Amino acid sequence: MPQIVHARTAHRPRWWAELLLLVVVYGAYSAGRLLARGDVSTAVDHGLAILRIEKAFFLNAEHPLNRLFTSTPAIGIPADFAYATLHYLVTPAVLIWLFRRRPARYRAARTWLMLSTLLGLIGFTLLPTCPPRLLDASYGFVDTMAQYSSYGWWGAEASAPRGLGGMTNQYAAMPSLHVGWALWCGVLLWRHGGTPLMRVLGIVYPLLTVIVVMGTANHYFLDAVAGGLVMGAGALLTAPALRAADRVWTRAADRYAFVGRLARLPLTAGPGSVPGQRRQSVEVVKSPVAKTPAAKNPAANSPGRATVAKSPVKPPNVSDGCETSAGERFPGQRTRTNSSTGTPGSGGAATDDAPAKTR
């Protein structure tokens with residue numbers, strides 16, 4: 001049975017297929033986030049439990065940051081804008097940059113982001129958590145998004161535009177995908193940016209996001225830690241997921257030719273391959289080998305065997321069977337004369353001035 005080797009190309013994927021995939025995945029994520037709404041009292045209990053753990057280990061940095069943001073509008077307002085916009089601008093920008101400039105790295109990066117987002121959705125479902133800004137005021141937090149809502153397009157319900165607060169799940173705080181996605185962007189900028197500025201941005205952006213989500217009281221510090229852990233788990237699952245996806249694409253491309261064209265799967269196929277598969281052309285160059293008499297007739301050198309002389313090869317007949325009679329020649333034909341006797345046709349050197357013999 002011929003063996004067929006499938007290999008995903010390193011060139012840029014089809015943009016419309018990627019756009020469709022991302023829209024479907026993000027739509028499913030948003031719908032799942034809304035469906036993952038748990039009981040409010042359970043979410044509050046989880047939030048208070050996280051706050052107690054942080055206080056026990058002196059990790060509650062969100063308290064001093066939130067006081068700074070609420071008392072200093074010059075810091076709090078830009079922080080609110082950063083929370084409401086960068087999450088939805090920087091991540092797609094990095095994806096597009098990878099798609100255009102680093103196509104060989106794009107597929108793995110996109111898969112890493114999608115897997116981590118799926119893990120985050122599982123966290124929202126299993127552990128609904130009340131963010132600090134929605135706790136009772138006695139716990140010392142102020143909702144900066146509500147405090148500075150007149151400066152932006154958002155309302156009192158997180159970063160959603162006014163009137164669209166019902167389209168978001170405010171208790172999907174653990175893990176923080178703001179931090180997770182920012183970490184994803186930072187790692188890719190550091191590894192593939194290629195310039196010192198891009199590496200600096202790769203460090204600054206995740207750190208800035210951690211400060212912003214805590215200062216605006218949208219997340220606890222442990223939410224940020226969980227966001228980093230989710231991205232780490234997604235990174236570990238990326239390679240197995242890619243191998244599984246390749247197997248699925250390969251089987252589908254073997255059965256349906258249009259799948260191979262859609263996924264840009266060049267196939268190296270032998271005889272009997274499935275119609276529609278593209279084959280990898282292999283050029284075979286044969287080097288000339290000098291043939292020796294022994295190579296032509298290996299039995300000639302064998303002991304105990306007589307050597308049989310072969311008659312010389314007869315040259316091809318170019319006259320097509322037409323022959324001349326004795327003494328007949330074509331007009332203008334040169335005659336051969338014996339250099340010693342001058343007799344025509346005696347095998348001597350040919351002369352141009354020899355008279356033609358009359359028939």
Side-chain angles (χ1 to χ4, degrees), residues 25-26 28-30 32-66 79 82-84 86-88 90-91 94 109 111-135 139 141 143 145 158-159 168-188 202-203 205-238 241:
V25 170
Y26 187 77
Y29 160 73
S30 300
R33 181 184 169 105
L34 291 176
L35 294 175
R37 291 177 177 175
D39 182 65
V40 175
S41 61
T42 303
V44 171
D45 291 340
H46 291 161
L48 293 177
I50 292 173
L51 187 59
R52 286 193 296 268
I53 295 173
E54 289 188 354
K55 288 183 177 180
F57 292 95
F58 304 100
L59 299 175
N60 57 326
E62 55 268 19
H63 268 117
L65 286 173
N66 183 246
Y83 182 84
L86 294 184
H87 182 62
Y88 306 102
V90 176
T91 307
V94 172
T111 305
W112 176 21
L113 180 65
M114 291 170 54
L115 288 174
S116 303
T117 303
L118 176 61
L119 294 176
L121 182 61
I122 295 174
F124 300 155
T125 305
L126 299 180
L127 194 66
T129 303
C130 178
R133 62 184 180 83
L134 295 182
L135 293 176
Y139 292 98
F141 292 103
D143 187 354
M145 304 292 291
S159 58
T168 184
N169 181 4
Q170 299 191 76
Y171 298 101
M174 171 65 82
S176 172
L177 287 187
H178 271 76
V179 174
W181 288 12
L183 181 61
W184 176 86
C185 295
V187 170
L188 294 175
I203 296 174
Y205 179 56
L207 293 178
L208 178 65
T209 303
V210 172
I211 294 174
V212 165
V213 299
M214 291 193 298
T216 56
N218 280 285
H219 288 283
Y220 304 97
F221 174 74
L222 291 182
D223 293 346
V225 173
L229 294 176
V230 162
M231 298 309 296
L236 293 176
L237 293 175
T238 297

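Only a predicted model underlies this, so the values are computations on that prediction, with no experimental measurement involved. Quick note: residue numbers are just sequence positions, from 1.
The minimum heavy-atom distance linking Gly202 with Pro206 is given by the pair O-CD, 3.2 Å. The two atoms that bring Gly234 and Ser116 nearest to each other are CA-OG, 3.5 Å, heavy atoms only. For Val213 against Ser176, the heavy-atom pair with the smallest separation is CG1-OG, 4.5 Å. Considering all non-hydrogen atoms of both residues, Val230 and Gly120 come closest at CG1-N, 4.0 Å. Between Val212 and Ala79, the closest heavy-atom pair is CG1-O, 3.4 Å. Heavy atoms only, all atoms of each residue included: Ala217 and Asn66 are closest at CB-ND2, 3.5 Å.
Rounded to the nearest 0.5 Å, atoms OG1 (Thr216) and CZ (Arg133) are 8.5 Å apart. Note that the CG atom of Leu121 and the CG atom of Asn169 stand 10.0 Å from one another [nearest 0.5 Å]. Leu127 CG to Tyr171 OH: the interatomic distance, rounded to the nearest 0.5 Å, is 14.5 Å. Leu183 contributes atom CG, which lies 9.5 Å from atom CG of Leu207 (distance to the nearest 0.5 angstrom). Distance check, rounded to the nearest 0.5 Å: CG of Leu236 to CG of Leu115 gives 11.0 Å. Annotation: the span from Trp112 atom CH2 to Leu237 atom CG amounts to 12.0 Å, rounded to 0.5 Å.
A distance-only check finds a donor-acceptor pair linking the side chain of Asp223 to the backbone of Tyr220 [under 3.5 Å]. A donor-acceptor pair under 3.5 Å is absent between the side-chain atoms of His178 and the main chain of His87, judged by distance alone. Formation of a donor-acceptor pair under 3.5 Å by the Asn60 side chain with backbone atoms of Glu62 is not found in this model. In this structure, the side chain of His219 does not engage the main chain of Pro131 through any donor-acceptor pair within 3.5 Å.
Side-chain contact check for Glu54 versus His63: every heavy-atom pair is 4.5 Å or farther apart. Residues Thr91 and Cys185 are in side-chain contact: their nearest non-hydrogen atoms beyond the backbone lie under 4.5 Å apart. Here the side chains of Phe57 and Leu222 are not in contact, with every heavy-atom distance at 4.5 Å or above. Trp184 places a side-chain heavy atom less than 4.5 Å from the side chain of Val94. With contacts defined as side-chain heavy-atom distances shorter than 4.5 Å, the pair Val179/Met214 does not qualify. Between Cys130 and Leu135, some side-chain heavy-atom pair lies under the 4.5 Å cut-off.
Sorted pairs that involve residues 205-214 and meet side chain to side chain donor-acceptor pair (under 3.5 Å), not counting sequence neighbours, are lacking altogether.
Here Phe58 pairs with nothing under the side chain to side chain contact (heavy atoms under 4.5 Å, CB included) rule; sequence neighbours left out.
For the residue pair Trp181 / Thr117, a side-chain donor-acceptor distance below 3.5 Å is found, with atom types taken as modelled.
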